[in-house]
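For reference, the structure discussed in these notes is given below.
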Amino acid sequence: QTGLTTLDNGFGNTAACKSAITYIDGDKGILRYRGYPIEQIAEQGTFLETAHLLIKGELPTEGELTAFQRDISQHTLLHEDVKRFYQGFPRDAHPMAMLSSVVSALSTFYQDSHNPFDAEQRDLSAVRLIAKLPTIAAYAFKKAQGHPFVYPRNDLGYVENFLRMTFAVPAEDYELNPVVVSALEKLLILHADHEQNCSTSTVRLVGSSQANLFASISAGINALWGPLHGGANQAVLEMLTAIKNDGGDVDAFIRKVKNKEDGVKLMGFGHRVYKSFDPRAQIIKSAAHDVLDQLGKADELLDIALKLEEHALTDDYFVSRKLYPNVDFYTGLIYRAMGFPTSMFTVLFALGRLPGWIAHWQEMITDPSNKIGRPRQIYTGIDTRDYVALSER
Ligand code: SDX
């Protein structure tokens, strides 16, 4: 049935989860947000329209979009006390650790929007998170740079505001590059939701205990951080750089992967659901070429990535295991060309995925049949036995 998804609890059993938000066909490479094909949304839509579609179920009218943008613009600032959290982090703290910590801390500042069963509070906490996550992310980048925080500006669009908070410095004017703005808008759209992936399932599971949205999203950020999930975009760049530093010998690396040396994997390849191709990867691959060309930033790592893909797509080891490039394979090259360090790549994934997480949390919490998530197990431990006194052990 469209929208019926199943969850593998890791023991080969499945727990069905119904959802009306995103549909994926892993064999045909189909991805639709609320019925709209990802190709059309990525080409024609904006990120806030996509967020509205995922959370409210419909593309906004002009009036609804203006109201949504106005609501968001009224919540982009962080409470000045939140800035003190950043002073406590070490200089080399990973931005994903800062993101999950600060998002969780927001629940202490906004106790007026904790009640998951109050529609107004649900909407307010959703708007606050969508508005504030770019600010939180930009501040994490500034912390790592040792630069002063840059306040949000409400006369800028969502993506423009984030880019300016991230890259502007007091010493000079910051000029937005339309190529970067448009490419980042498209990437955020492509990451906005993806059914019951690891981090979204985490948000649903944590939220199923009726934990507030801030706590649930913070848990999702931590799940996304893993290199097998959203952390893969950082791991891909590290992999490509390692191959380059080893003289660019793609064949030698492929041999290591096939021999499973030290558990090395072809990062950015493979998927739990897509066993033919990831439609997002195809869009991102062509965007990578366009953005690098338009920014005039030829990147040797792109050539290595293209060689890896060409090799993997013709090598039976990968073909027989149905391993194809996923959403993470090319994104890092674009982020790097935009000026982001690898440590920020998964933060950008989280910025994109936030509306999807919120939509799933709201769908779960407003489902009257929803129960607390409580997967069962197959017990493989020792059978019953009698207690042994300490003196006899
Ligand atoms: C995301 O679920 C989502 O929707 C996630 C996501 C989203 O939008 O939320 O799409 C985002 O997380 C994309 C995935 C990013 N991760 C990576 O790129 C990390 C590298 N990929 C792998 O770790 C792996 O492919 C997974 C985790 C993504 C999927 O693993 P599967 O489908 O469970 O595959 P598997 O572990 O059962 O592997 C099957 C075989 C094994 O070989 P054998 O033991 O049979 O010999 O394929 C091999 C694996 O060793 N394999 C790989 C491989 N992925 C699987 N071998 C080399 N390189 C890889 N990347």
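A cation-pi arrangement is not found for Arg336 relative to Phe340, the charged atom failing to lie both closer than 6.0 Å to the ring centre and inside a 45° cone about the ring normal.
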Decide yes or no on side chain to side chain contact (heavy atoms under 4.5 Å, CB included) for Glu160 and Leu163, but give the supporting numbers first.
CA-CA 5 Å; Glu160 290 88 340; Leu163 287 168; 5.9 Å; no
Would Ile130 and Ile55 count as a side chain to side chain contact (heavy atoms under 4.5 Å, CB included) here? Give the steps.
CA-CA 11 Å; Ile130 294 174; Ile55 295 169; 3.6 Å; yes
Step by step, would you call His194 with Thr200 a side-chain hydrogen bond (donor to acceptor under 3.5 Å, both in side chains)?
CA-CA 8 Å; His194 211 242; Thr200 301; over 6 Å; no
Run the side-chain hydrogen bond (donor to acceptor under 3.5 Å, both in side chains) test on Gln234 and His94 for me, step by step, so that the C-alpha distance in whole Å, both residues' side-chain angles and the decisive distance to 0.1 Å come before the verdict.
CA-CA 12 Å; Gln234 175 175 343; His94 196 289; 3.1 Å; yes
Where do Arg204 and His360 land on the side-chain hydrogen bond (donor to acceptor under 3.5 Å, both in side chains) test, with the steps shown first?
CA-CA 7 Å; Arg204 289 183 80 116; His360 280 274; 2.7 Å; yes
Would Lys186 and Glu43 count as a salt bridge (charged side-chain N to carboxylate O under 4.0 Å, His left out) here? Give the steps.
CA-CA 7 Å; Lys186 183 177 280 192; Glu43 199 49 46; 3.5 Å; yes
Dump the intermediate steps for side chain to side chain contact (heavy atoms under 4.5 Å, CB included) on Trp225 and Ser199, then the final yes or no.
CA-CA 9 Å; Trp225 190 4; Ser199 54; over 6 Å; no
Full working for side chain to side chain contact (heavy atoms under 4.5 Å, CB included) between Gln40 and Tyr33
CA-CA 10 Å; Gln40 293 180 23; Tyr33 294 160; over 6 Å; no
Run the numbers on Glu49 and Thr46 for side-chain hydrogen bond (donor to acceptor under 3.5 Å, both in side chains), then give the verdict.
CA-CA 5 Å; Glu49 284 177 291; Thr46 64; 3.0 Å; yes
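Salt-bridge check for Lys285 with Glu309: passed, with a basic side-chain N closer than 4.0 Å to an acidic carboxylate O. At a threshold of 4.0 Å, the pair Lys275-Asp27 does not count as salt-bridged, since none of the basic side-chain nitrogens sits closer than that to a carboxylate oxygen. Salt-bridge formation is not detected for the pair Lys56/Glu64: no Lys NZ or Arg NE/NH1/NH2 atom is positioned less than 4.0 Å from an Asp or Glu carboxylate oxygen. Ion pair Asp251/Lys307 not flagged as a salt bridge, since none of the NZ, NE, NH1 or NH2 atoms sits closer than 4.0 Å to an Asp/Glu carboxylate oxygen.
Listed here is the closest heavy atom pair of Ile38 and Leu190: CG1-CD2, 3.6 Å. Closest approach of Tyr317 and Val257 over heavy atoms only: OH-O, 3.9 Å. Contact detail for Pro170 and Pro148: the closest heavy-atom pair is CG-CG, 3.6 Å. Taking each heavy atom of Ser276 and Gly26 in turn, the nearest pair found is OG-O, 3.2 Å. A pairwise comparison of heavy atoms in Ala312 and Phe318 identifies O-CB, 3.3 Å as the closest pair.
Between Asp278 and Val273 the shortest side-chain heavy-atom distance does not fall below 4.5 Å. Looking at heavy atoms from C-beta onward, Ser107 lies in side-chain contact with His114 at the 4.5 angstrom threshold. Between Lys244 and Ile304, the closest side-chain pair of non-hydrogen atoms falls below 4.5 Å. Using a 4.5 Å heavy-atom cutoff, the side chains of Leu78 and Leu106 are in contact.
Put simply, the side chain of Asp367 never gets that close to the backbone of Glu363: no donor and acceptor are under 3.5 Å apart. Judged by distance alone, the side chain of Ser104 and the main-chain N or O of Ser101 form no donor-acceptor pair under 3.5 Å. Here the side chain of Thr166 pairs no donor or acceptor atom with the backbone of Ala138 at under 3.5 angstrom. Listed for the Thr346 side chain is no donor-acceptor partner under 3.5 Å among the backbone atoms of Phe349. At distances below 3.5 Å, at least one donor-acceptor pair connects side-chain atoms of Ser208 with backbone N or O atoms of Gly373. Side chain of Arg164 to backbone of Tyr151: a donor-acceptor contact under 3.5 angstrom is found. The main-chain N or O of Phe345 is found under 3.5 Å from a side-chain atom of Asn233 such that the two form a donor-acceptor pair. Checking side-chain atoms of Ser218 against main-chain N and O of Ala215 turns up no donor-acceptor pair under 3.5 Å. A donor-acceptor pair is defined here as one N or O able to donate and one able to accept, closer than 3.5 Å; no such pair exists between the side chain of Thr76 and the backbone of Ile72.
Around NZ of Lys258, the count of heavy atoms belonging to other residues, nucleotides or ligands within 6.0 Å exceeds 12. By the neighbour-count criterion of 12 heavy atoms within 6.0 Å, atom NZ of Lys83 is densely surrounded, having more than that number from other residues, nucleotides or ligands. Around atom NZ of Lys297, more than 12 heavy atoms belonging to other residues, nucleotides or ligands sit under 6.0 Å away. Around atom CD of Glu261, more than 12 heavy atoms belonging to other residues, nucleotides or ligands sit under 6.0 Å away. Counting heavy-atom neighbours within 6.0 Å of Arg393 CZ, excluding the residue itself, gives a total above 12.
The distance from the OG1 atom of Thr22 to the CG atom of Leu31 is 6.5 Å, given to the nearest 0.5 Å. Here the straight-line distance linking atom CG of Asn212 with atom CG of Asn115 works out to 10.5 Å at 0.5 Å rounding. One finds the CG atom of Leu59 at 10.0 Å from the CD atom of Gln44 (value rounded to the nearest 0.5 Å). Between the CG atom of Leu187 and the OG1 atom of Thr331 there is a distance of 7.0 Å, given to the nearest 0.5 Å. Atom-to-atom distance recorded for Glu172:CD and Glu175:CD is 11.0 Å, nearest 0.5 angstrom. Expressed to the nearest 0.5 Å, how far CG of Leu308 lies from CG of Leu301 amounts to 10.5 Å.
Aromatic ring pairs are classed by plane angle as parallel below 30°, tilted from 30° to 60° and perpendicular above 60°; the pair Phe89 and Tyr86 is perpendicular. Aromatic ring orientation, His52 versus Phe68: perpendicular (interplanar angle above 60°, classes split at 30° and 60°).
Ring to ring, Phe329 and Phe269 are close: their centroids are under 6.0 angstrom apart.
Ser216 and Trp361 are linked by a side-chain donor-acceptor pair at a separation below 3.5 angstrom, with hydrogens and angles left out of the test.
Each of Phe85, Tyr139, Phe141 was evaluated against Phe149; a single residue qualifies, Tyr139, per the ring-ring contact (aromatic ring centres under 6.0 Å, His included) test.
Met165 and Val347 are members of different hydrophobic clusters when ILVMFWY side chains are connected at heavy-atom separations under 4.5 Å. Placement of Tyr23 and Trp357 in two distinct hydrophobic clusters is found when ILVMFWY residues are connected by side-chain heavy-atom separations under 4.5 Å, directly or transitively. Under the 4.5 Å side-chain heavy-atom criterion for ILVMFWY residues, a single connected hydrophobic cluster contains both Phe167 and Leu188. Side-chain heavy atoms closer than 4.5 Å link hydrophobic residues (I, L, V, M, F, W, Y) into clusters, and following such links, even through other members, never connects Ile30 to Tyr36. No continuous path of hydrophobic side-chain contacts links Val327 to Leu228 [ILVMFWY only; heavy atoms under 4.5 Å].
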